[in-house]
Amino acid sequence: MAKAIHSMIRVLDEARSVDFYGKAFGLKIADRFGFDGFTLIYLRNDAADFEVELTVNHDRTEPYTLGDGYGHIAFAVDDLDAEHARFIELGLNPNPVKEFFREGSLLAKFFFVTDPDGYKIEVLQSRGRYK
């Protein structure tokens, strides 16, 4: 059986991205590997083994074009409303909280936030299939 271990995104500014993911999701640097031309930074927290891998290409000076293929990554939290308020307080500019119903039942309660490079991140209330 396969196990998801990380999702990689290319970022322009390592410090700015590490700061954002630390403030937003409590992710800290688990490993950092520098190479000629690029650096890999693996971020995680104690809630899961899954990591966000930041790739910084040293010669890149222009923001990345995300195209129309990327959707989002998602994080589940215990108290969505408290997290939303905390994101606002930190100046992370989250979108409003939304509720998504299917066949009359609440399927998901969530909000989106965008990281410094424009990647969308869904923050979901931990419940049901979103644990």
Side-chain angles (χ1 to χ4, degrees):
M1 180 177 301
K3 174 184 170 187
I5 58 171
H6 71 250
S7 180
M8 184 279 276
I9 56 174
R10 292 181 179 87
V11 300
L12 194 58
D13 183 316
E14 177 181 343
R16 180 179 68 174
S17 294
V18 168
D19 182 61
F20 172 85
Y21 284 97
K23 284 180 180 173
F25 304 108
L27 299 180
K28 296 183 174 141
I29 296 174
D31 281 305
R32 184 181 185 283
F33 303 112
F35 298 93
D36 289 341
F38 66 97
T39 299
L40 304 177
I41 304 104
Y42 294 90
L43 305 176
R44 80 168 84 144
N45 63 24
D46 293 336
D49 290 334
F50 188 84
E51 296 177 319
V52 174
E53 176 190 329
L54 305 177
T55 296
V56 179
N57 292 306
H58 300 161
D59 62 350
R60 183 75 181 207
T61 58
E62 298 295 320
Y64 287 97
T65 302
L66 303 186
D68 59 1
Y70 174 81
H72 63 268
I73 60 174
F75 289 84
V77 297
D78 291 334
D79 186 338
L80 186 76
D81 293 323
E83 286 299 300
H84 189 262
R86 188 177 69 81
F87 276 50
I88 290 172
E89 189 175 302
L90 290 171
L92 300 177
N93 302 316
N95 290 348
V97 172
K98 303 274 187 185
E99 293 182 333
F100 185 53
F101 290 88
R102 183 170 190 271
E103 298 175 356
S105 297
L106 181 63
L107 179 64
K109 184 175 178 182
F110 61 93
F111 66 85
F112 277 90
V113 66
T114 303
D115 87 353
D117 290 278
Y119 296 104
K120 291 184 178 180
I121 303 165
E122 184 177 22
V123 183
L124 288 145
Q125 176 66 51
S126 181
R127 66 180 295 278
R129 72 173 319 277
Y130 307 112
K131 295 180 185 174

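Just so we're clear, the structure is a prediction, and the values are computed from it rather than from any experiment.
- To the nearest 0.5 Å, the span separating CG on D19 from CG on D13 amounts to 9.5 Å.
- For A30 against E51, the heavy-atom pair with the smallest separation is CB-OE2, 3.7 Å.
- For the atom pair CD1 of I73 and CD of E122, the computed distance is 11.0 Å after rounding to the nearest 0.5 Å.
- When each of V113, V52, L66 is tested with Y119 by the rule side-chain contact (heavy atoms from CB on, under 4.5 Å), just one qualifies, namely L66.
- Taking the six-membered ring for Trp and the full ring otherwise, the centers of F112 and H72 sit less than 6.0 Å from each other.
- Taking CZ of R129 as the start and CG of L124 as the end, the distance is 9.5 Å to the nearest 0.5 Å.
- Y64 and N57 share a side-chain donor-acceptor pair at under 3.5 Å.
- Rounding to the nearest 0.5 Å gives a distance of 10.0 Å between CD of E14 and CG of L40.
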Let's go through D49 and I5 carefully: what are the C-alpha distance in whole Å and the side-chain angles of both, what is the deciding distance for side chain to side chain contact (heavy atoms under 4.5 Å, CB included) to 0.1 Å, and is it a yes or a no? CA-CA 7 Å; D49 290 334; I5 58 171; over 6 Å; no
Enumerate donor-acceptor pairs with a distance under 3.5 Å from any side-chain N or O in residues 84-94 to protein atoms, sequence neighbours excluded.
from	atom 1	to	atom 2	distance (Å)
H84	NE2	N95	O	2.8
R86	NE	E83	OE1	3.3
R86	NE	E83	OE2	3.4
R86	NH1	K23	O	2.7
R86	NH2	K23	O	3.3
R86	NH2	A24	O	2.7
R86	NH2	E83	OE1	2.8

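- Comment: R16 engages D117 in a salt bridge, judged by a side-chain N to carboxylate O separation of less than 4.0 angstrom.
- Among residues two or more places apart in sequence or in another chain, the side chain to side chain donor-acceptor pair (under 3.5 Å) test is passed with Q125 by none.
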